Undergrad: 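Quick one: structure below, then a few questions.
All values below come from the heavy atoms of this structure, side chains included, with hydrogens, waters and symmetry mates left out. Every value quoted in this text rests on a predicted model; they were computed, and no experiment measured them.
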Number of protein chains: 2
Amino acid sequence: MSEIQRPGALYQQVAAAIREAILSGEFAPDSLLPSEAQLMARYGVSRPTVRNAIAALRAEGLIDVRHGKGSFVRSSGQPVLTIERGISRTADGTFVMPGGDIWQEAEEPSTYRTRTTKATGRLLQLGGEEALFGCDRLLVDPGTGTRALHRTLLPFEVAEAVPLLAEEPCMHPAEIYRLLTQDGHKLTWAETVRAHMPLPDERTTLQLPDATPVLHVARVAHGTDGRPLFLEELRFGADRAELAYRITADKQATRRARA
Amino acid sequence: MSEIQRPGALYQQVAAAIREAILSGEFAPDSLLPSEAQLMARYGVSRPTVRNAIAALRAEGLIDVRHGKGSFVRSSGQPVLTIERGISRTADGTFVMPGGDIWQEAEEPSTYRTRTTKATGRLLQLGGEEALFGCDRLLVDPGTGTRALHRTLLPFEVAEAVPLLAEEPCMHPAEIYRLLTQDGHKLTWAETVRAHMPLPDERTTLQLPDATPVLHVARVAHGTDGRPLFLEELRFGADRAELAYRITADKQATRRARA
DNA sequence: AGTCATCACTCGTAAGGACAAGTGACGTCA
DNA sequence: TGACGTCACTTGTCCTTACGAGTGATGACT
């Protein structure tokens with residue numbers, strides 16, 4: 001049994017030993033770690049201690065544990081899917097999202113009416129309890145199996161100003177952008193990117209492994225007057241997909257971040 | 001004692017009950033949850049079961065536990081800091097990062113020499129084991145206390161082509177962009193955004209709470225010929241900060257995502 | 001009045017035992 | 001030979017007990 005003594009708690013010492021072995025390549029990716037019983041013997045500790053150490057490594061995303069089989073080193077491979085966040089416009093005035101054609105809808109879109117929350121109100125710069133059309137889509141990339149949640153939120157106020165919108169508030173974002181442009185708006189977009197840990201239901205629908213954060217990108221379309229018109233959100237597991245942006249240098253600008 | 005019975009494991013039922021109470025607002029943000037002993041009595045379960053339930057909620061980022069005090073509902077407030085990812089160029093040819101002046105260096109930059117890994121090699125489109133200058137900075141936003149890790153990676157090959165670069169490979173990115181531009185390159189940038197759970201040391205240096213993912217953005221500067229010249233990375237906790245991009249519609253483009 | 005020890009409360013760590021549940025291989029039986 | 005039951009191995013769940021450690025208030029002592 002290999003002794004250990006350095007830092008704080010016993011289980012942290014065990015976790016540190018295993019972590020080191022993984023990061024140094026001693027345990028190859030996808031390989032099977034020693035079983036709990038073996039680790040108990042190896043480090044001379046009880047089962048709760050071993051399980052505590054394993055729980056720590058699991059929370060770090062270093063290992064995957066499968067009931068009845070054992071613990072496996074997670075293969076922290078490169079992302080399988082790169083989601084390009086640009087917007088193009090073809091000669092005939094329609095909008096095209098690069099890579100936007102990879103997604104298939106796994107379910108029928110669900111439409112609903114809702115009101116601004118603190119978060120969506122901030123993005124849309126709407127006060128208290130503005131009414132919104134909502135539309136949720138569960139998307140799947142058949143190539144990689146990656147799942148994503150897509151949501152559009154359209155203020156009543158905006159929908160009413162553009163007749164066709166109010167009738168069918170759950171159309172594809174590119175269609176909405178086209179209608180807004182036809183209505184006289186020259187659109188610009190602002191995106192904000194955040195990450196958080198999923199709640200259990202989100203974990204289920206996105207089919208996420210342990211310790212997998214959710215990347216959450218919100219795209220707000222702004223009209224000619226700079227007022228937010230429309231919100232488009234996308235969420236997906238950060239284990240397999242990444243976001244990509246292209247940037248070119250502005251001349252001279254001294255823009256300031258929104259509060 | 002309020003009975004529960006629905007789904008799988010006991011501790012999951014307890015966790016679900018508490019989670020529901022939190023999400024429904026029954027337990028307000030920042031408020032103190034019942035102690036472990038109280039929860040044991042309330043649900044008629046043992047301490048490990050209660051602790052297991054609490055561990056689950058902790059991993060979801062719903063609560064914060066403070067030794068000797070109790071469990072608190074995490075206030076999932078809006079991000080305190082918005083990191084604008086644009087690049088501007090003033091009339092005299094210098095580059096300016098919007099909001100780039102908020103950061104202060106918490107430590108002296110550390111410079112080193114290294115080689116491409118699988119990840120950095122992919123971004124820089126370099127094969128096997130290319131040599132790189134590295135420079136790490138620990139940044140702090142004095143306003144919010146947000147900490148971030150900044151890293152620049154410069155291939156030897158590029159540094160040698162631009163004399164001033166090789167002498168001082170740890171200068172500010174804006175300076176490097178200026179030198180590369182003076183060298184005749186018309187730069188464009190590509191950014192990729194990922195998220196992952198921090199390892200213990202990363203957690204420490206960024207001072208992250210439990211269940212807080214790290215947002216990881218990599219900016220690659222491409223030269224006139226489209227070849228990657230320089231890599232700039234930024235990592236920070238997703239609990240307090242978010243990324244922001246501005247997008248305008250391209251004409252006609254049919255760009256394709258990189259493999 | 002002020003200082004400090006004590007105490008009661010909190011969560012953290014560690015051990016032990018017992019049984020349930022998933023997995024796969026082995027061996028028996030038809 | 002094939003199908004199926006059994007068994008050994010794995011992790012998952014749950015309980016009991018015990019003590020360590022951080023926190024804040026109470027109260028005694030100076």
Undergrad: Rounded to the nearest angstrom, tell me the gap between atom CZ in A/Arg47 and atom C1' in C/dG16.
TA: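 From A/Arg47 CZ to C/dG16 C1': 12 Å.
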Undergrad: Flag the pair A/Ile83 / A/Thr146 as yes when at least one side-chain heavy-atom distance between them is below 4.5 Å, and no otherwise.
TA: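 No, side chains not in contact.
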Undergrad: What is the distance, rounded to the nearest whole Å, between atom CD of B/Glu36 and atom P of C/dT13?
TA: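 So the two atoms are 11 Å apart, to the nearest Å.
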Undergrad: How about B/Leu62 and A/Leu199: do any of their side-chain heavy atoms sit closer than 4.5 Å?
TA: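 Of all side-chain heavy-atom pairs linking A/Leu199 with B/Leu62, at least one is under 4.5 Å.
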Undergrad: Under 4.0 Å between a side-chain N/O of B/Ser35 and OP1 or OP2 of C/dT10, yes or no?
TA: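 Checking B/Ser35 against C/dT10: at least one side-chain N or O falls below 4.0 Å of OP1 or OP2.
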Undergrad: Taking C-beta and beyond as the side chain, do B/Ile22 and B/Arg19 meet within less than 4.5 Å on heavy atoms?
TA: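 SC-SC contact between B/Ile22 and B/Arg19 ruled out.
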Undergrad: With rounding to the nearest 0.5 Å, note down the distance linking CG in B/Leu231 to CG in B/Leu123.
TA: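 Rounded to the nearest 0.5 Å, the CG-CG separation comes out at 5.5 Å.
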Undergrad: Kindly write out the residues that satisfy side-chain contact (heavy atoms from CB on, under 4.5 Å) with B/Pro34, not counting sequence neighbours, or none if the list is empty.
TA: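 Partners of B/Pro34 under the side-chain contact (heavy atoms from CB on, under 4.5 Å) test: B/Phe27, B/Gln38, B/Leu39.
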Undergrad: How would you give the extent of chain B contacts on DNA chain D, as first and last nucleotide 5' to 3' within a 4.0 Å heavy-atom cut-off?
TA: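 Boundary nucleotides touching chain B, in 5' to 3' order, are D/dT13 to D/dG24.
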Undergrad: Can you find a heavy atom in the side chain of A/Gln78 that is under 4.5 Å from one in the side chain of B/Arg194?
TA: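 Result yes, sub-4.5 Å side-chain heavy-atom pair found.
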Undergrad: When you look at B/His150 and B/Glu232, which way does the side-chain contact (heavy atoms from CB on, under 4.5 Å) test go after all the steps?
TA: CA-CA 7 Å; B/His150 184 269; B/Glu232 184 187 350; 3.2 Å; yes
Undergrad: Which atom names give the shortest non-hydrogen contact between B/Thr49 and B/Tyr11, and what distance separates them?
TA: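 Residues B/Thr49 and B/Tyr11, closest heavy atoms: O-CB, 3.5 Å.
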Undergrad: Can you give me the closest heavy-atom contact between B/Phe133 and B/Arg113, atom names plus distance?
TA: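 In this case the closest contact between B/Phe133 and B/Arg113 is CE2-NH2, 3.6 Å.
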Undergrad: Between B/Leu138 and B/Arg147, which heavy-atom pair has the shortest distance, and what is it?
TA: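 B/Leu138 and B/Arg147 have their closest heavy atoms at CD2-NH2, 3.3 Å.
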Undergrad: Between residues 200-212 of chain A and DNA chain D, which residues have a heavy-atom gap below 4.0 Å?
TA: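 Contacting residues: none.
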Undergrad: Can you find a heavy atom in the side chain of A/Leu243 that is under 4.5 Å from one in the side chain of A/Glu191?
TA: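 Heavy-atom side-chain distance check fails, nothing below 4.5 Å.
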Undergrad: Below 4.0 angstrom from OP1 or OP2 of C/dG12, is there any side-chain N or O of B/Arg51?
TA: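 Result: yes.
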Undergrad: Runs of at least three consecutive Watson-Crick or G-U pairs, both distances under 3.5 Å, are what I'm after; which ones involve DNA chain D?
TA: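 Consecutive-pair runs (3 or more) involving DNA chain D: C:1-30 with D:1-30.
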Undergrad: Taking only heavy atoms on the protein side, list every residue of residues 52-73 of chain A lying under 4.0 Å from any atom of DNA chain C, sorted numerically.
TA: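 Contacting residues: A/His67, A/Gly68, A/Lys69.
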Undergrad: Tell me: OH of B/Tyr11 to C1' of C/dA20, nearest whole Å?
TA: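 Rounded to the whole Å, the gap is 14 Å.
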Undergrad: Between atom CG in B/Leu10 and atom P in C/dC19, what is the gap in whole Å?
TA: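 B/Leu10 atom CG is separated from C/dC19 atom P by 18 Å.
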Undergrad: Identify, with sequence neighbours excluded, every residue that meets side-chain contact (heavy atoms from CB on, under 4.5 Å) alongside B/Arg235.
TA: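 So B/Arg235 forms a side-chain contact (heavy atoms from CB on, under 4.5 Å) with B/Leu149, B/Arg151, B/His196, B/Glu202, B/Val214, B/His216, B/Glu233.
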Undergrad: Would you say A/Glu105 has more than 12 foreign heavy atoms packed within less than 6.0 Å of its CD?
TA: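 Above 12, so yes.
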